[in-house]
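Throughout, protein chains are lettered first and strands after them, A, B, ... in sequence-line order, and every chain is numbered starting at 1. This structure is a prediction, so every number in the text was calculated from the model and none was measured. We use all heavy atoms of the structure for the numbers below, so side chains are in, but hydrogens, waters and symmetry mates are not.
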Amino acid sequence: MNYLEGLNQPQQEAVKHSDGPLMIIAGAGSGKTRVLTYRTAHLIANGVDPFQILLLTFTNKAAGEMRQRVEKIIGNDAKNLWMGTFHSVFAKILRFDGRHLGYTSDFSIYDTDDSKSLIRSIVKERGLDDKVYKANTVFQRISGAKNRLIGPDEYANNPIISADDTAAKLPDMGKLYKIYALRCFQANAMDFDDLLFNTNTLFRDHPAVLDKYQRKFKYVMVDEFQDTNISQYLIVKKLSEISQNLCVVGDDAQSIYAFRGASIDNILNLEKDYPNMTTIKLEQNYRSTQNIVEAANSIIAKNKNQLKKTVFTENEEGSLIELIKAGSDNEEGRLISTHIFESKMNLGLRNTDFAILYRTNSQSRAFEESLRKLNIKYRIIGGTSFYQRREIKDLLAYFRYTINQNDEEAFKRIINLPKRGIGDTTIAKISITANEQQISVWEVISNIKQYQTGRLSETIENFADLIKSFKIMAESGKKDAYEVASHIAKSSGLLKELHEDKTVEGLSRYENVQGLLNSIKEFVDNPDEGVEDKNLNTFLQTVSLMTTADQDDPDGDNDRVTMMTIHGAKGLEFNHVYVVGMEEDLFPSQMMLQSRADLEEERRLFYVAITRAEKKLMMSYAETRYQWGRLKPCEPSRFLDEIDPKYLQFAKNIRRAVEDTAKLPQGFVRMTNREQKIPDFGTSNNPTPANILIQRPRPAVVGNTYKPSADFAPSDTKNLIENDRVEHLKFGFGKVKKIDINGTDRKATIQFEGTIGEKTLLLSFAKLRIL
DNA sequence: TTTGCGCGGGTTTTT
DNA sequence: CCCGCGCAAA
């Protein structure tokens, strides 16, 4: 058994253990993926049918990689393994067996936006105050209940919950939950929590179905077990009830998803549920230097709530953790980027060797700007992902509605898109008719002439006919997902509308939609393992459960610096890691401390961040940070004091870059652009306005403090700017073609010709505002 | 029915 | 700062 070579004692034990419950406590960098892979291969080598193995991972990508690694050892059989995230695997099961609960196999999946939008409508319909019943709050309460497996009826009848809701001044929560659940059901839709909740219900109420899967999955393995919630745990517990072959791998020190119901108790209490469980601890770290491992240990030691283990390493001592103090968030960006640049030069490293980790997505901005200035390629994982973009969600809503006409949220999105003159009033009328007649909205609009006459009935009929034609095409089976999708994109008028929009934003939208169509083409041409059909429905399913880590790079160039939140970095490792934004209230997050009073989870998050580094770890904090347009003073994070000081040193030889935003060279006026979203940059939650430097060779506005009200005359500016050279910090260069100044509010609309990347474009009607 | 504007509120992490 | 909402005007 060559695959046991090179494994240490506990690793081998874990690989060889086949039957009976097994818990592997795997410290950071202790080779748990390897153990899981080999264990899977070992089972198959010993005669277990791959069909009988279920492996739940945290991302689909991780599952894919693991499948490949197993394939290398045991060959083609690996294709038959069931692997994926909880959500994707159980969505698949619900497609097969959801009919027992009254769902059809083409149920829609509501994302968080859909759920909140539905909640908003329900709150509105019931005449409740939407400032009290905030969509976010209501959603979180419902989600929390579902994750604890509390259904709507139980919720409404539970006196403790009611008392809590009343105390929170939300007495109608029970009703809202009921209506929300009913509306989702009527829409033949499940939200993320439902995928787990309904699987539990399915297994609870339909023993025959449970029995089928219990017999199918003889071996159940769960990766990142510390991040499962009760609902997920109960599913795997039920599945492995008969075989007792449950193997979980996790690290309580890396549990960072309590906010979505993950319970560290799952791992702490597992031994109670499985008295004869074998526990194996993997404590040797193969990833990081001694300094990094020990610094991480010194942090996590402060937590009370944890299992005992000692992570150690036999790697070299390595350098100390360096700490950088920056004057501002922008300077932080410049210092880190410069450091990356110099490390690349001095050590001959590649971009992929570096990662910048931060607490919140919005922090990416300063690093994007500075990396771009140094011509260092980067990629951002997470943030507003591709599939969250408006135009993408719009087109996906068309697909969803084509497949499922009960999908209320998809309907709301597309009924007046592109504009057909069907507004809220008309939709409300249709909805009332549907209610009166006790039929669905789709039945009303697809037979609109029976129910309504007048100016709009024609338009509505056209819409219904359009959807019907899509439906026929999708169901005929003659066309693949790509053909159907591009037909829908064209015939719906979405593509046309975007194509006519010549603004930068419009262009990038158009390109995004093309990108979506291309990815469907790819999906059709090389479907993933385990995907049987190439129809639109299957594509939709895949897409709605994509995790942010599953995103592919936009082009073939993979040598990029990675930027992401610490949550996104789970399971990854990098040669050099920069943990940035080490400021009190930012990390540890003030929000987290207020709402959950859980400093320990933030500390575990810090632990995760530190242990991503192999060779070099650097941390930085800024003394001031731009927030809501203001410069806010910051305090260094308490976490910096918690690291044993012997592992820490202030960075030497850090070159302070010139404060280029505060002290613009003479003859420059700084302008910002509110409306413009930049194609490559619209990825963080809080994209910064594009900065535009306008060369202005007049002494009137020279200087750092420019007071628009006193010496600013619109016509004057118009003369100054037109035909001037424009340097767009993010786009490149260009020439101003036309300027419109809008009165006294210091807003200007300019049209200029410039370059984005390598393409020359006419950028039109960017709205500018002079600072 | 759409659009533009002023106002108030939020502000974390993800399937 | 950014977003969403309500209101008024086109």
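A donor-acceptor contact under 3.5 angstrom links the side-chain atoms of A/Arg359 to the base of B/dT12. Side-chain atoms of A/Ser88 and base atoms of B/dT15 include no donor and acceptor less than 3.5 Å apart.
Comparing B/dT14, C/dC5, B/dT12 by their nearest atom to the side chain of A/Arg120 picks out C/dC5. In the set C/dG6, B/dT1, B/dT12, C/dG6 carries the atom at the smallest distance from any side-chain atom of A/Lys124. Each of B/dG10, B/dT12, B/dT14 was ranked by its minimum atom distance to the side chain of A/Asn361; first place goes to B/dT14. Of the candidates B/dT15, B/dT12, B/dT13, B/dT15 carries the atom nearest the A/His87 side chain, counting heavy atoms from C-beta on.
Residue A/Asn136 places no side-chain N or O under 4.0 Å from the OP1 or OP2 atom of B/dG10. Phosphate contact (OP1/OP2 of B/dT2, side-chain N/O of A/Asn416, threshold under 4.0 Å): present. Distances shorter than 4.0 Å separate some side-chain N or O of A/Thr426 from OP1 or OP2 on B/dT1. Put simply, A/Thr565 has a side-chain N or O that comes within less than 4.0 Å of OP1 or OP2 on B/dT14. At B/dG10, one or more side-chain N or O atoms of A/Lys134 fall inside 4.0 Å of OP1 or OP2 (strictly under the cut-off).
With A/Tyr257 as the fixed residue, the ring-ring contact (aromatic ring centres under 6.0 Å, His included) test singles out one of A/Phe225, A/Phe58, A/Phe86: A/Phe58.
In this structure, A/Tyr257 forms no aromatic stack with the base of B/dT14, since the conditions of centre separation below 5.5 Å and plane angle below 30° are not both met.
To the nearest angstrom, P of B/dT14 lies 11 Å from CD1 of A/Ile381. A/Arg390 places its CZ atom 14 Å from the C1' atom of C/dG4, with the value rounded to the nearest Å. Put simply, CG on A/Leu357 is 13 Å from C1' on B/dT13, counting in whole angstrom units. In this structure, A/Arg625 places its CZ atom 19 Å from P of B/dT11, rounding to the nearest Å. Going from atom CE of A/Met564 over to atom C1' of B/dT13 covers 14 Å, rounded to whole Å. Rounding to whole angstrom units, NE2 of residue A/His567 and C1' of B/dT13 are separated by 4 Å. Summarising the geometry, the separation between NZ on A/Lys116 and C1' on C/dC3 is reported as 13 Å, rounded to the nearest angstrom. Note: CD (A/Gln590) to P (B/dT13) measures 14 Å, nearest angstrom.
At a threshold of 4.0 angstrom between heavy atoms, the contacts of A/Asp193 with the nucleic acid are absent. Residue-level contact check: A/Phe86 touches neither bases nor backbone, having no heavy atom under 4.0 Å from any strand. Using a 4.0 Å heavy-atom cutoff across all strands shown, A/Ser589 reaches at least one base atom of the nucleic acid.
Ion pairing between A/Asp252 and A/Arg604 fails under the 4.0 Å rule for side-chain N and carboxylate O.
In terms of position on DNA chain B, the residue among A/Met591 and A/Phe58 whose nearest nucleotide sits closer to the 5' end is A/Met591. The residue among A/Thr59 and A/Glu602 whose nearest nucleotide of DNA chain B lies closer to the 5′ end is A/Glu602.
In the model, A/Ser115 has no side-chain atom that pairs as donor or acceptor with a side-chain atom of A/Thr112 under 3.5 Å. A side-chain donor-acceptor contact under 3.5 Å links A/Asn200 and A/Ser231. No side-chain donor from either of A/Tyr110 and A/Ser117 sits under 3.5 Å from a side-chain acceptor of the other.
A distance of 13.0 Å separates CG of A/Leu545 from OG1 of A/Thr59, quoted to the nearest 0.5 Å.
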